[in-house]
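What follows is a short report on a single structure.
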Amino acid sequence: MTSGTPSGLPDLDRRIAGCRACPRLVAWREDVARDKRAAFADWTYWGRPVPGFGPADARLLIVGLAPAAHGGNRTGRMFTGDRSGDVLYQALYDVGLASQPTSVSADDGLELYGVRVTAPVHCAPPANKPTPEERDTCRPWLVRELTLLRPTVRAVMVLGAFGWQAALPAFAEAGWVVPRPRPAFAHGARVTIEGVDGGAAPLDLFGCFHVSQRNTFTGRLTPEMLRDVLRTAAEAAGLPPVAPGSR
């Protein structure tokens, strides 16, 4: 694997998909893939760790929490095939960062423009709650992904407090200076972190409530709120505004 070059990310994705480091997560994701949900009885579930999705020269990175048991764990692509993904990809399409507003399977033709989507935990966890040990075991994958994206990435939008807390140490390990005390998560938070000894370009971090059903169904996170953070993050990343469907 070659550090800092686009060719490194496909290799990283393959290695992530083969990881078996956390016994509880391995057992859970494979049980779900075997037992399935009735609505998806005819699917062959992915049932493995889900790698990041998006171009290797992305300027904006979106960091979630972990794949959903019957979403990414079924389809093999981040935020694909579940309600959270419906909200996220609709918003990305609305601001001109995705080729289509839906994400239903890994072969549906969806493309992201200048954006990559990843998570600090790559396996679907029981009750959507990874343990701190599982989060820390998975961190080297995020560190490596950040390192490979370092030549181009200029902004990161983190969905939810778990992702924010998990990502800050990864930024530090990947070559950025994270302030002490660590910045607190909040929707709309914006923090700029500098590269260590000028080795990486400054990175703008944005906090956004997670696109979970709990947040979107209750109105804690509205489509307008999500689009507002996405537009601001895209502008900070240097991505030009583009009308939906114009690419």
Side-chain angles (χ1 to χ4, degrees), residues 9-10 12-55 62-94 97-112 115-131 133-135 137-138 141-142 145 159-160 162-163 166 209-221 223 226:
L9 272 171
L12 176 66
D13 292 345
R14 286 191 294 270
R15 292 176 59 196
I16 287 172
C19 183
R20 301 183 64 83
C22 299
R24 187 183 79 116
L25 297 186
V26 170
W28 171 255
R29 76 190 192 211
E30 293 179 356
D31 285 349
V32 169
R34 182 187 63 251
D35 298 339
K36 305 182 182 182
R37 178 176 282 173
F40 306 120
D42 59 341
W43 275 76
T44 299
Y45 275 50
W46 172 258
R48 290 181 277 164
V50 181
F53 168 58
I62 297 175
V63 178
L65 191 164
H70 301 281
N73 189 59
R74 171 172 59 91
T75 63
R77 194 170 72 191
M78 285 287 177
F79 283 105
T80 297
D82 60 49
R83 295 289 183 87
S84 295
D86 292 345
V87 174
L88 177 62
Y89 288 115
Q90 177 70 61
L92 284 166
Y93 177 78
D94 289 344
L97 297 176
S99 63
Q100 59 193 45
T102 58
S103 179
V104 296
S105 68
D107 59 358
D108 61 10
L110 174 65
E111 293 183 60
L112 300 184
V115 180
R116 185 170 171 88
V117 181
T118 193
V121 175
H122 287 276
C123 290
N128 292 319
K129 292 182 179 179
T131 67
E133 181 181 1
E134 289 162 351
R135 174 201 64 198
T137 299
C138 211
W141 295 126
L142 181 57
E145 190 168 15
L159 301 173
F162 180 96
F209 289 142
H210 196 279
V211 288
S212 65
Q213 292 184 56
R214 181 177 59 185
N215 287 336
T216 58
F217 283 11
T218 62
R220 188 180 191 218
L221 177 67
L226 178 57

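Quick caveat, the model's predicted, so the values are computed rather than measured. One-based numbering along the sequence shown.
- Listed by chain and residue number, S105 satisfy the side chain to side chain donor-acceptor pair (under 3.5 Å) test with D107 (two or more places apart in sequence, or in another chain).
- In this structure, the side-chain contact (heavy atoms from CB on, under 4.5 Å) partners of R83, at least two apart in sequence or on a different chain, are D86, Q213, F217.
- Residue pairs meeting the salt bridge (Lys or Arg N to Asp or Glu O under 4.0 Å) criterion with at least one member in residues 41-53, sequence neighbours excluded, do not occur.
- Pairs of residues two or more places apart, or lying in two chains, that qualify as side-chain hydrogen bond (donor to acceptor under 3.5 Å, both in side chains) and include a residue from residues 63-78 are Y45-H70, R77-T80, R77-S103, R77-D108.
- At distances below 3.5 Å, not a single donor-acceptor pair connects side-chain atoms of R220 with backbone N or O atoms of N215.
- In terms of the side-chain contact (heavy atoms from CB on, under 4.5 Å) criterion, residue partners of A21 (sequence neighbours excluded) are, by chain and number, C19, T137.
- Using a 4.5 Å heavy-atom cutoff, the side chains of R15 and W141 are in contact.
- When the side-chain contact (heavy atoms from CB on, under 4.5 Å) test is applied to E134, the partners found at least two apart in sequence or on another chain are C22, R24, L25, P130, T131.
- Screening T118, V115, L112 for a side-chain contact (heavy atoms from CB on, under 4.5 Å) involving I62 leaves a single residue, V115.
- A salt bridge between R37 and D82 is absent, with no side-chain N of the basic residue lying under 4.0 Å from a carboxylate O of the acidic one.
- Side-chain contact between V211 and L159 is present, with at least one heavy-atom pair separated by less than 4.5 Å.
- No donor-acceptor pair under 3.5 Å is formed between the side chain of R116 and the backbone N or O of P55.
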